[in-house]
Amino acid sequence: SQQGEEDPQALSIQEGENATMNCSYKTSINNLQWYRQNSGRGLVHLILIRSNEREKHSGRLRVTLDTSKKSSSLLITASRAADTASYFCARANDYKLSFGAGTTVTVRA
Amino acid sequence: EPEVTQTPSHQVTQMGQEVILRCVPISNHLYFYWYRQILGQKVEFLVSFYNNEISEKSEIFDDQFSVERPDGSNFTLKIRSTKLEDSAMYFCASRWGSDQPQHFGDGTRLSIL
């Protein structure tokens with residue numbers, strides 16, 4: 001499968017804690033993208049990391065990419081209740097995104 | 001900030017009927033996509049569209065499906081004869097260029113009765 005696969009499937013943390021989720025993939029990528037989806041809503045783009053990049057930051061988000069291990073991680077620091085959502089990694093080739101099953105993150109107040 | 005808009009937000013249709021889902025991509029974007037997400041499952045790629053033609057399509061995108069960009073702003077997905085298993089959330093996405101993120105609409109929930 002060319003899809004990204006996230007781990008863990010679900011994560012429950014206390015507000016203020018960090019949340020880390022991982023993504024593995026099997027084939028080469030142009031880039032890897034992380035998305036957030038609130039229940040019943042659309043996909044919100046978070047970060048795109050290119051195959052020649054190793055780390056990117058956006059606000060409280062940090063994404064790493066290890067192409068030798070074909071894996072990526074998303075770190076959310078100082079989590080808030082509003083971060084409660086499903087998070088997906090998506091492998092990008094020239095024509096499409098291939099999504100994994102996602103990590104459901106619950107941030108407890 | 002520009003966004004992808006989709007209409008309707010919810011469509012209920014009898015099995016066997018035709019349905020058209022509509023999308024207005026971000027105005028300067030060149031690449032257009034449809035994805036679907038069956039309840040509780042992964043987001044699945046359906047089709048990509050560039051330069052007025054299909055670039056790639058998945059196995060799901062059979063002869064019952066078609067896409068069109070009838071003018072400079074709209075991008076539509078038509079399902080000719082809907083089946084119960086077509087019930088899903090359908091997402092439209094667009095991007096500006098290579099190695100750029102795809103931006104998604106809020107989706108159309110399609111319910112087939």
Side-chain angles (χ1 to χ4, degrees), chain A residues 1-7 9-10 21 23-53 56 58-59 61 63 65 67 72 74 85-104, chain B residues 1-7 9-10 21 23-26 29-51 53-61 67 88-109 111:
Chain A
S1 166
Q2 297 179 339
Q3 295 173 338
E5 299 295 342
E6 292 88 345
D7 170 63
Q9 290 185 321
M21 58 213 85
C23 169
S24 62
Y25 58 93
K26 296 183 179 179
T27 60
S28 62
I29 56 170
N30 291 352
N31 62 68
L32 191 140
Q33 301 180 34
W34 285 90
Y35 287 83
R36 184 186 74 229
Q37 185 180 37
N38 291 88
S39 181
R41 301 297 305 274
L43 294 150
V44 175
H45 181 262
L46 299 176
I47 290 184
L48 179 153
I49 187 163
R50 295 180 173 83
S51 59
N52 61 352
E53 297 175 316
K56 284 190 88 167
S58 177
L61 305 179
V63 166
L65 178 66
T67 52
S72 175
L74 170 66
S86 293
Y87 292 82
F88 298 88
C89 71
R91 172 195 173 280
N93 69 8
D94 288 340
Y95 300 108
K96 67 183 181 185
L97 294 176
S98 298
F99 286 85
T103 294
T104 300
Chain B
E1 186 175 324
E3 56 182 27
V4 176
T5 57
Q6 291 186 243
T7 55
S9 56
H10 191 190
L21 309 182
C23 170
V24 179
I26 295 173
H29 284 190
L30 302 175
Y31 299 80
F32 313 108
Y33 305 85
W34 285 100
Y35 294 82
R36 79 173 187 190
Q37 186 179 32
I38 295 171
L39 188 63
Q41 297 188 21
K42 297 179 182 181
V43 176
E44 300 174 289
F45 167 76
L46 292 178
V47 66
S48 59
F49 192 87
Y50 170 72
N51 201 26
E53 60 182 27
I54 290 173
S55 308
E56 186 165 331
K57 58 184 181 179
S58 72
E59 292 176 353
I60 303 167
F61 194 89
V67 290
M89 183 76 94
Y90 287 79
F91 293 107
C92 173
S94 68
R95 67 178 166 102
W96 168 65
S98 297
D99 237 12
Q100 296 293 315
Q102 291 187 24
H103 296 270
F104 284 74
D106 277 342
T108 293
R109 180 167 299 284
S111 299

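In what follows, chains are A, B, ... by sequence order, proteins preceding strands, each numbered from 1.
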Checklist entry - Measuring from A:L97:CG to B:Y33:OH, what's the distance to the nearest 0.5 Å? => result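 With rounding to 0.5 Å, CG (A:L97) is 7.0 Å from OH (B:Y33).
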Item to check | Spatial distance of atom NE2 (A:H45) from atom CD (B:Q102) [nearest 0.5 Å] | outcome: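 Going from the NE2 atom of A:H45 to the CD atom of B:Q102 covers 9.0 Å.
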Item to check | Smallest separation among heavy atoms of B:D99 and A:L48, with atom names | outcome: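 Shortest heavy-atom contact: O-CD1, 3.8 Å.
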Checklist entry - What closest approach, in Å, do A:G42 and B:F91 show between heavy atoms, and which atom pair accounts for it? => result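 Nearest pair, atom of A:G42 first, then B:F91: CA-CE2, 3.5 Å.
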Checklist entry - Got a sec: does the NZ of A:K56 have more than 12 other heavy atoms crowding it under 6.0 Å? => result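 Buried by this count: over 12 neighbours within 6.0 Å.
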Next on the checklist: Looking at A:E53, I'd like to know if its CD atom is crowded, meaning that more than 12 non-hydrogen atoms belonging to other residues, nucleotides or ligands lie closer than 6.0 Å.
Outcome noted: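 Yes - once you tally the heavy atoms of other residues, nucleotides and ligands closer than 6.0 Å, there are more than 12.
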Checklist entry - When heavy-atom pairs shorter than 4.5 Å are enumerated against chain A, which of B:H103, B:Q100, B:R109 gives the highest number? => result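 Of the options given, most contacts go to B:Q100.
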Item to check | Sidechain-backbone polar pair: A:Y35 side chain, B:F104 backbone, donor-acceptor under 3.5 Å | outcome: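 Not confirmed, A:Y35 side chain does not pair with B:F104 backbone.
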Item to check | Segment of B:Y50 engaging chain A (4.5 angstrom heavy-atom cut-off) | outcome: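 Contact with chain A involves no heavy atom of B:Y50 at all.
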Checklist entry - At a heavy-atom separation under 4.5 Å, does B:S55 approach chain A through its side chain, its backbone, both, or neither? => result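 Looking at B:S55, backbone and side chain both touch chain A.
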Next on the checklist: Under a 4.0 Å threshold between the charged nitrogen and the carboxylate oxygen, would B:E44 count as salt-bridged to A:K96?
Outcome noted: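 Looking at A:K96 and B:E44, the cut-off is not met.
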Item to check | Segment of A:R41 engaging chain B (4.5 angstrom heavy-atom cut-off) | outcome: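 For A:R41, the contact with chain B is made by backbone and side chain together.
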